[in-house]
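On a predicted model such as this, the values are computed, not experimentally measured, just so you know.
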Amino acid sequence: PALCPPAFAQPVPADTTQAAPDETERLETLTEEDVSGDPTALLELLTDLRENPLDVNRATAAELALVPAFSPLLAQAIVAYRAANGPFGSLPELRRVEGVTAEVYLDARPYLRIGEALDVEAPRAARFPPVPSLSEIARGLRYTGLQRVQRRLDLARGFRGDDTTRAYAGSPERVYTRLRATYRRNVSLNVTLEKDPGERFAFDGQPGYDYASAHAAVLDLGRVDALVVGDFVAEYGQGLVLWRASGFGKGPDAVHGPIRSGRGLRPYGSVEENRFLRGAAASVAVVPGLYASAFGSRRRLDATGDGYHRTATEIAGKDAAGETLFGGGVEYRLDGRRVGATVGVVGYRARFDDPVAPGERPYERFAFAGSEATTGSVYADVRTRSFQAFGEVARAPGGALGGVGGVAAGVGDALDVLVLGRHYARDFVTLHGYPFGERNGVGQNETGFYVGFRLRPGRTLTVSAYVDQYRFPWLRFGVPRPSAGHEAMVFVEHRPRRWLRYYVQARTETREAGTDVPGGIPGSLVGGLLNETRQTLRLHAEYEANRRLRLRARVEGSRYVEEGQDPALGVLVYQDVRWRVFSSFRLDARLTFFDTDGFDARLYQYESDLTYVFALPVLFGRGVRTYVLATVEPVEGLTLQAKYAVTVFEDVTRVSSGHNEIEGNVVRDLGVQLRFRL
């Protein structure tokens, strides 16, 4: 038995403290266990929306769709209402839009604002966003600094010994620093620095952090849609060619989670060390609604791709591959009274300093190979109040085609439905994309059909469900033949009061896995397939006793069955308390009991953590986990946080394995953080 640590793979700081746990909880409703890539980028998106709310009188439908409570259809309805009736005079006026219920409004309220005072008679819409003066920007800049230190108190094997014998070259602390200056949502100056556990606080003899990122960006000013110098990401279409480090996948938000909503070129300030571009990028409005973009990037990539540089092998792989990339696109955006649309074409050409050579295993046969890659796509997204059609078709560097598309429809206020299909050929490769799929973000060797719906039979009841059927036409790691699978989930939530919420969630997935079966010659074995099924059932309840005290409780069971074997079972029970002791002091605490028949019956739980740390421990074996998170704001603009977590296992003498093995049955983690804002 062991504990997989929280998803600290490359965490990012946030720009708000009080909101951070709330955003983590919102992320849990958008995606469940599908946390490949850099999930903290999604958390950063949500907290940035809270820190810099959208102006409902200027935001586009695509921007409003980023608000968790708004679907793309509802976002289009808000824009259409605004176009027909003039700007909103106050946020409560959003309730006049069909579909903005009291619950939706309250969930969306933290992410929205009203801009400057409005005239009694709505002025004619400007052709382009207004441009403030340099002096106004300088006066309006807000400065944020964040310093975080985390470490596992019980040293793993890789940290033991002297400098010449231990496996990890550096100290066990994770050190994170971020400095940022922003003007509303329009200007961003950022520096991000990080050292992972086991990495030296120096590299190649030079003092400093192992990783550094910086950018200067101007967004949505005049004709400038985006101008970034430094690190940036590109988000277009449904993510087949270009997307950020991660994207939402399958989860309780069965209708809206799988749909991508690209924002074009955007600055990057996270710490996922491979999935971003470095150089310069610009997108400008040629005429209202028509945007042209161009970008160039020159950077070095890790050979391993995981961003860790702790051992001699990992250090040797740092910056091992150089990539030069140039690309661009053209996009037309329409925010009309009846119809909203985005249509575009995007592409790039990349060149590697040394040819990329895939492995020689059969499942690696169709991996990318060579020193040059040219790829591009066409995409479209058309929206009305009750209908959305979207899709993207891309050409991979080798010429293979891949595509994803679907339709979403709303039937009154009671029912939303999504039908989505995708096909990524076995030789379709996306180097910088992150499309939806069973292997979210991979975009290769997969064909699937997804149907999801959300039903609101009453004001307080919501039922969501999806079914996803998929197949892999070529081999995968550990699977020696083409294989298939299917997954389904049902989510039923009841909110009888604003302060009381509970839900039941059932999930099942069956897929074909690899195994050895008898061959034609007696005693011989050949690769074959068998079915494995994983199921979970969850009961969750939340109760806000008052403004100071909130209680959460969960019971969840798991069942894993491999064809021909006895089932493995697991159960998790936790009690969670949030207590706002004073207006400036809050405590979050949780006590969890878990008992599973090994890793196959593992269970996950999202946790509150330091601002913008994404924590999703994977629990298996038998034991108890508890943590306490303290947040205090001694003066306005200054926030201090500390989290202490302990996991105690039964009937074990060591935890984990290899360089991460810990002697004993106790794992303790400590993190502290200071954040200031001026």
query: With D669, which of R151, R152, K643 fulfils salt bridge (Lys or Arg N to Asp or Glu O under 4.0 Å)?
result: R152
- prompt: Taking the six-membered ring of F276, is NZ or CZ of R299 closer than 6.0 Å to its centre and within 45° of its axis?
  reply: yes
message: Is there a side chain to side chain contact (heavy atoms under 4.5 Å, CB included) between S270 and R244? Walk through the geometry before answering.
response: CA-CA 10 Å; S270 187; R244 57 178 177 261; over 6 Å; no
- request: Kindly determine whether Q535 and R559 satisfy side chain to side chain donor-acceptor pair (under 3.5 Å), including the steps that lead there.
  value: CA-CA 5 Å; Q535 300 170 321; R559 180 176 182 266; 3.2 Å; yes
- request: For a side-chain hydrogen bond (donor to acceptor under 3.5 Å, both in side chains) with D210, tell me which candidate from R200, K195, H309 qualifies.
  value: H309
- request: Start with the C-alpha gap between R625 and T592, add the side-chain angles, then the distance that decides, and say whether side chain to side chain donor-acceptor pair (under 3.5 Å) holds.
  value: CA-CA 5 Å; R625 176 172 173 83; T592 304; over 6 Å; no
task: Give the intermediate values and the outcome of side chain to side chain contact (heavy atoms under 4.5 Å, CB included) for residues L629 and D609.
output: CA-CA 7 Å; L629 169 66; D609 213 302; 5.5 Å; no
message: For T313, give me all partners under side-chain hydrogen bond (donor to acceptor under 3.5 Å, both in side chains), at least two apart in sequence or on another chain.
response: none
- prompt: Between Y434 and N440, which heavy-atom pair has the shortest distance, and what is it?
  reply: OH-O, 3.4 Å
- prompt: For the residue pair Y450 and F436, does the interplanar ring angle fall in the parallel (under 30°), tilted (30 to 60°) or perpendicular (over 60°) class?
  reply: perpendicular
message: Is it the case that the ring center of F201 lies less than 6.0 angstrom away from the ring center of Y209?
response: yes
field: Sidechain-backbone polar pair: R157 side chain, A167 backbone, donor-acceptor under 3.5 Å
entry: no
Electrostatic pair R511:E509 at N-O distance under 4.0 angstrom: yes
- request: Run the salt-bridge test on R552 and E542 with the 4.0 Å N-O cut-off and return the result as yes or no.
  value: yes
field: Check ion pair K318-E199 (N to O, under 4.0 angstrom)
entry: no
task: Go through L674 and L638 one step at a time and tell me if the side chain to side chain contact (heavy atoms under 4.5 Å, CB included) criterion holds.
output: CA-CA 7 Å; L674 180 149; L638 178 64; 4.0 Å; yes
Test: K250 and E438 ion pair at under 4.0 Å: yes
message: Donor-acceptor pair, distance only, cut-off 3.5 Å: does the side chain of R109 make one with the backbone of L112?
response: yes
- request: Compute the ring centroids of Y168 and H659, then answer whether they are less than 6.0 Å apart.
  value: yes
statement: Sorted by chain and residue number, the salt bridge (charged side-chain N to carboxylate O under 4.0 Å, His left out) partners of D595 (sequence neighbours excluded) come out as R622
- request: Search all heavy atoms of L537 against all heavy atoms of A506 and return the closest pair with its distance.
  value: CD1-CB, 3.9 Å
query: If you measure from the Lys or Arg side-chain nitrogens to the Asp or Glu carboxylate oxygens, is any gap between R498 and D107 under 4.0 Å?
result: yes
- request: Describe, in one word, how the ring planes of Y502 and H494 are oriented to each other, choosing from parallel (under 30°), tilted (30 to 60°) and perpendicular (over 60°).
  value: perpendicular
